[in-house]
J.: 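Before I ask anything, let me first share the structure, which is written out below as structure tokens.
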Amino acid sequence: PGPGGSYLVNANYRNNGQAAVTEPFDITWTLTEGGQPETTTIRVEDPLAAGATATASFSGQYNGPALLTIALDSANEIDETNLSDNAVTVPLCPDFAPVTAGSIWNGNFYINTNQTFSARIRNLGMLAGSDVKVVFYVNDAEVGSTVIPTVNPTPTSMGYLVSIPYVFTQGGLHELKVVVDPDNAIDECNEENNVLSRIINVRAPMADLRVLSEYISPTNINPEANEPINIFLSFDNIGVEDTGPFKVRVTVDDVPLGDDIAVDGLQAGRLTTVAVPASYSSGTGGTKVIRGIVDVDNEVPESTKANNEATR
């Protein structure tokens with residue numbers, strides 16, 4: 001209801017014990033408005049069997065957000081096994097709170113792709129709200145809005161789904177924000193939970209150079225002492241953008257094998273192979289570790305650098 005309107009609250013209660021309630025007891029309703037509590041007491045004369053339920057009702061005039069507490073057997077006249085569940089307090093008002101919905105809140109998608117900017121609107125209060133406005137922002141700029149005709153209490157549901165389509169045209173970090181009732185048109189119990197925001201990362205199309213252990217190919221994996229071998233290194237671009245020039249290095253036991261090899265570039269989705277100009281030989285036996293490194297000087301913007309090295 002609006003200010004001055006009437007309301008009716010029905011509360012169901014249950015006898016969870018093993019014995020019937022046969023004696024009368026009090027139920028008190030305490031309405032707290034503006035920090036001032038006002039208590040109304042009703043007397044229950046009817047017995048309540050074990051496991052049975054009953055309903056208590058409270059009505060009044062709505063003057064704005066308030067807290068309503070119902071307390072069973074408020075005078076402690078009934079001998080019970082548990083007194084901790086005899087009272088509950090509920091917000092007698094709307095209380096809107098947006099929560100995340102959809103994958104957009106996780107970010108890490110590419111620019112120029114269709115996204116659904118969505119959220120769910122919950123009402124944590126006991127009263128419904130009408131014509132509830134929801135506004136969507138990206139980097140504090142409004143990008144869309146909608147109005148929900150009625151937002152009923154959502155004590156057990158995920159809330160009302162709202163969404164708009166959106167396309168990011170620039171990569172990097174962006175702030176998503178959803179604001180419910182931005183103009184404070186509806187008086188709520190809590191006005192501090194109406195904003196949801198998160199920083200996400202939007203990816204620009206990038207290259208992704210990769211080298212794997214099996215891409216390192218010596219001409220002989222078990223050479224004799226002082227036997228020279230040649231090494232070939234393959235690598236691919238598993239990203240979505242072509243690369244510019246970069247350098248490749250091969251080391252044996254962390255010692256560079258000749259000069260770095262210049263590569264003019266590599267198209268997205270392509271694999272190529274280079275031959276290391278210098279041969280390798282060793283006068284000592286034992287295991288040798290060959291390492292292949294692509295983009296030695298970090299010249300190529302990539303979605304990840306984690307796969308730029310491999311050993312064999």
J.: Minimum heavy-atom separation for Asp187 and Gly64, please, with both atom names.
T.: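 It is OD2-CA, 4.5 Å.
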J.: Under 3.5 Å, side chain of Tyr166 to main-chain N/O of Ile104, donor-acceptor pair present?
T.: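 Flag not set: sc Tyr166 to bb Ile104 has no pair under 3.5 Å.
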J.: Are the side chain of Asn220 and the backbone of Asn222 linked by a donor-acceptor contact shorter than 3.5 Å?
T.: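 Present.
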J.: Going by atom types alone, do Asn82 and Glu80 pair a side-chain donor with an acceptor below 3.5 Å?
T.: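 No, because no side-chain N or O of Asn82 sits under 3.5 Å from a partner of the opposite role on Glu80.
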J.: Using side-chain heavy atoms (C-beta onward) and a distance below 4.5 Å, is Thr150 in contact with Ile148?
T.: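 The answer is no; the side chains never approach within 4.5 Å.
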J.: According to the interplanar angle, ranging from 0 to 90°, do the rings of Trp105 and Phe117 count as parallel (below 30°), tilted (30 to 60°) or perpendicular (above 60°)?
T.: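 Perpendicular, since the angle between the ring planes exceeds 60°.
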J.: For Asn63, is the CG atom crowded, meaning more than 12 foreign heavy atoms sit under 6.0 Å from it?
T.: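 Yes - once you tally the heavy atoms of other residues, nucleotides and ligands closer than 6.0 Å, there are more than 12.
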J.: Shortest non-hydrogen contact from Gly107 to Ile200?
T.: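 Heavy atoms of Gly107 and Ile200 come nearest at CA-CB, 3.9 Å.
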J.: Between Lys247 and Asp295, is a salt bridge (charged side-chain N to carboxylate O under 4.0 Å, His left out) present by the stated rule, with each step listed?
T.: CA-CA 5 Å; Lys247 293 183 179 65; Asp295 191 25; over 6 Å; no
J.: Check whether more than 12 heavy atoms from other residues, nucleotides or ligands sit under 6.0 Å from atom CZ of Arg14, and answer yes or no.
T.: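 For Arg14, atom CZ is crowded (more than 12 foreign heavy atoms under 6.0 Å).
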J.: Side chains of Gln267 and Leu271: closer than 4.5 Å at any heavy-atom pair?
T.: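 With C-beta onward as the side chain, the pair stays apart.
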J.: Sequence neighbours left out, what passes salt bridge (charged side-chain N to carboxylate O under 4.0 Å, His left out) with Asp242? Give chain and number order.
T.: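 For Asp242, no residue satisfies salt bridge (charged side-chain N to carboxylate O under 4.0 Å, His left out) once neighbours in sequence are set aside.
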J.: Which atoms form the tightest heavy-atom contact between Asp236 and Leu266, and what is the distance?
T.: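 Residues Asp236 and Leu266, closest heavy atoms: C-CD2, 3.7 Å.
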J.: Could you state the interatomic distance from OG1 (Thr55) to CG (Asn12), rounded to the nearest 0.5 Å?
T.: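 If I round to the nearest 0.5 Å, the distance is 4.0 Å.
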J.: What are the two closest heavy atoms between Ala66 and Glu33, and how far apart are they?
T.: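 Smallest heavy-atom distance, with atoms named: CB-CG, 3.5 Å.
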J.: Would you please indicate if the ring centroids of Phe109 and Phe168 are separated by under 6.0 Å?
T.: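 Yes, ring centres under 6.0 Å apart.
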J.: Does Asp264 CG have over 12 foreign heavy atoms under 6.0 Å away?
T.: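 No - once you tally the heavy atoms of other residues, nucleotides and ligands closer than 6.0 Å, there are 12 at most.
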J.: Would you mind reporting whether Ile199 and His174 have side-chain heavy atoms less than 4.5 Å apart?
T.: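 No, side chains not in contact.
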J.: Any sub-3.5 Å donor-acceptor pair from Thr219's side-chain atoms to Asn230's backbone N or O?
T.: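 Here the side-chain-to-backbone pair exists.
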J.: Would Ser57 and Asn10 count as having a side-chain donor-acceptor pair, cut-off 3.5 Å?
T.: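 Result is yes, a qualifying pair exists.
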J.: Under a 3.5 Å distance rule, please check whether Arg122 uses its side chain to pair with a backbone N or O of Ser157 as donor and acceptor.
T.: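 Judged by distance alone, yes, a pair lies under 3.5 Å.
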J.: Using a 3.5 Å distance criterion without hydrogens, assess whether the side chain of Ser74 forms a donor-acceptor pair with backbone atoms of Ala71.
T.: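 Between the backbone of Ala71 and the side chain of Ser74 there is no qualifying donor-acceptor contact (under 3.5 Å).
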J.: I need the Leu233 CG to Ile261 CD1 distance, nearest 0.5 Å.
T.: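 Going from the CG atom of Leu233 to the CD1 atom of Ile261 covers 7.0 Å.
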J.: Between Gly159 and Arg120, which heavy-atom pair has the shortest distance, and what is it?
T.: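 For Gly159 and Arg120, the tightest heavy-atom pair comes out as O-NH1, 3.2 Å.
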J.: Let me see the working for Val147 and Asp131 under side-chain contact (heavy atoms from CB on, under 4.5 Å), right down to the final yes or no.
T.: CA-CA 6 Å; Val147 174; Asp131 297 327; 4.2 Å; yes
J.: Glu188 side chain to Phe96 main-chain N or O, any donor-acceptor pair under 3.5 Å?
T.: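 Side chain of Glu188 to backbone of Phe96, a donor-acceptor pair under 3.5 Å: yes, one is there.
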J.: Would you say the side chain of Glu77 lies within less than 4.5 Å of the side chain of Pro24, judging by non-hydrogen atoms?
T.: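 No, their side chains stay 4.5 Å or more apart.
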J.: Please report the interatomic distance CZ(Phe58) to CD1(Ile27), rounded to the nearest 0.5 Å.
T.: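 Answer for the CZ-CD1 pair, Phe58 versus Ile27, is 12.5 Å.
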J.: Of all heavy-atom pairs between Met126 and Pro153, which one has the smallest distance, and what is that distance?
T.: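 Closest approach of Met126 to Pro153: O-CG, 3.4 Å.
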J.: So Leu67 and Pro91, do their side chains get closer than 4.5 Å, heavy atoms only?
T.: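 Yes, close enough: below the 4.5 Å cut-off.
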J.: Tell me if a side-chain donor or acceptor on Asn15 pairs with a main-chain N or O of Gly17 at a distance below 3.5 Å.
T.: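 Yes, because the side chain of Asn15 sits within donor-acceptor range (under 3.5 Å) of the backbone of Gly17.
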J.: Heavy-atom distance under 4.5 Å between the side chains of Tyr110 and Val240, does that happen here?
T.: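 Yes, at least one pair of side-chain atoms sits under 4.5 Å.
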J.: Is the number of heavy atoms from other residues, nucleotides or ligands under 6.0 Å of Asp79 CG greater than 12?
T.: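 Atom CG in Asp79 is not packed in, count stays at 12 or less.
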J.: Are Gln61 and Ser6 close enough that some pair of their side-chain heavy atoms sits under 4.5 Å apart?
T.: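 No, side chains not in contact.
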J.: Between CD1 of Ile164 and CZ of Phe136, what distance do you get to the nearest 0.5 Å?
T.: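 Here the interatomic distance stands at 5.5 Å.
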J.: Does the pair Val296 and Phe246 meet the rule for a side-chain contact (heavy atoms from CB on, under 4.5 Å), with working shown?
T.: CA-CA 7 Å; Val296 176; Phe246 59 94; over 6 Å; no
J.: To the nearest 0.5 Å, tell me how far Asp95 CG sits from Asp181 CG.
T.: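 If we round to the nearest 0.5 Å, Asp95:CG and Asp181:CG are 11.0 Å apart.
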J.: Can you tell me how far apart CG (Asn16) and CG (Asp85) are? Round to the nearest 0.5 Å.
T.: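 Taking CG in Asn16 and CG in Asp85, the distance rounds to 6.0 Å.
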J.: Apply salt bridge (charged side-chain N to carboxylate O under 4.0 Å, His left out) to Arg291 and Asp254, showing your working.
T.: CA-CA 7 Å; Arg291 184 183 307 275; Asp254 294 326; 3.6 Å; yes
J.: Step by step, work out the side-chain contact (heavy atoms from CB on, under 4.5 Å) result for Ile186 and Val132.
T.: CA-CA 8 Å; Ile186 300 172; Val132 180; 3.7 Å; yes
J.: Going by distance alone, is a donor N or O of one side chain under 3.5 Å from an acceptor N or O of the other, for Ser163 and Thr116?
T.: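 Short answer, no.
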J.: Looking only at atom types and distance, does a side-chain atom of Asn190 sit under 3.5 Å from a main-chain N or O of Glu192, one as donor and one as acceptor?
T.: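 Answer holds: yes.
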J.: Is it true that atom CD of Glu214 has more than 12 heavy atoms of other residues, nucleotides or ligands lying nearer than 6.0 Å?
T.: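 Correct, the count exceeds 12.
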J.: If you apply the rule salt bridge (charged side-chain N to carboxylate O under 4.0 Å, His left out), what do you find for Lys177 with Asp140, and how did you get there?
T.: CA-CA 7 Å; Lys177 184 163 63 176; Asp140 285 327; 2.8 Å; yes
J.: Quick one: do Glu309 and Arg210 satisfy salt bridge (charged side-chain N to carboxylate O under 4.0 Å, His left out)? Show the steps, please.
T.: CA-CA 8 Å; Glu309 293 188 23; Arg210 178 183 66 171; over 6 Å; no
J.: Using atom types as modelled and distance alone, determine if a side-chain donor or acceptor of Asp253 lies under 3.5 Å from a backbone N or O of Val289.
T.: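 Answer holds: yes.
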J.: Please test Thr69 against Thr30 for side-chain hydrogen bond (donor to acceptor under 3.5 Å, both in side chains), starting from the C-alpha separation and ending with a verdict.
T.: CA-CA 5 Å; Thr69 300; Thr30 301; 5.7 Å; no
J.: Just do the side-chain contact (heavy atoms from CB on, under 4.5 Å) check on Tyr280 and Val250 with the steps written out, would you?
T.: CA-CA 11 Å; Tyr280 174 76; Val250 173; over 6 Å; no
J.: Side-chain donor-acceptor pair under 3.5 Å between Asn123 and Thr154, yes or no?
T.: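 Result is no, nothing qualifies.
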J.: Can you name the one residue among Asn237, Asn308, Thr243 that meets side chain to side chain donor-acceptor pair (under 3.5 Å) with Glu302?
T.: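 Result: among Asn237, Asn308, Thr243, Asn308 is the only option passing the side chain to side chain donor-acceptor pair (under 3.5 Å) with Glu302.
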J.: Any donor and acceptor pair, going by atom type alone, linking the side chain of Asp26 with main-chain N or O of Ala75 inside 3.5 Å?
T.: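 No, Asp26 side chain to Ala75 backbone: no donor-acceptor pair under 3.5 Å.
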J.: Should we count CD of Glu38 as having more than 12 external heavy atoms under 6.0 Å?
T.: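 Open: at most 12 neighbouring heavy atoms sit under 6.0 Å from CD of Glu38.
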J.: Taking C-beta and beyond as the side chain, do Leu92 and Leu127 meet within less than 4.5 Å on heavy atoms?
T.: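 Side-chain contact under 4.5 Å: yes.
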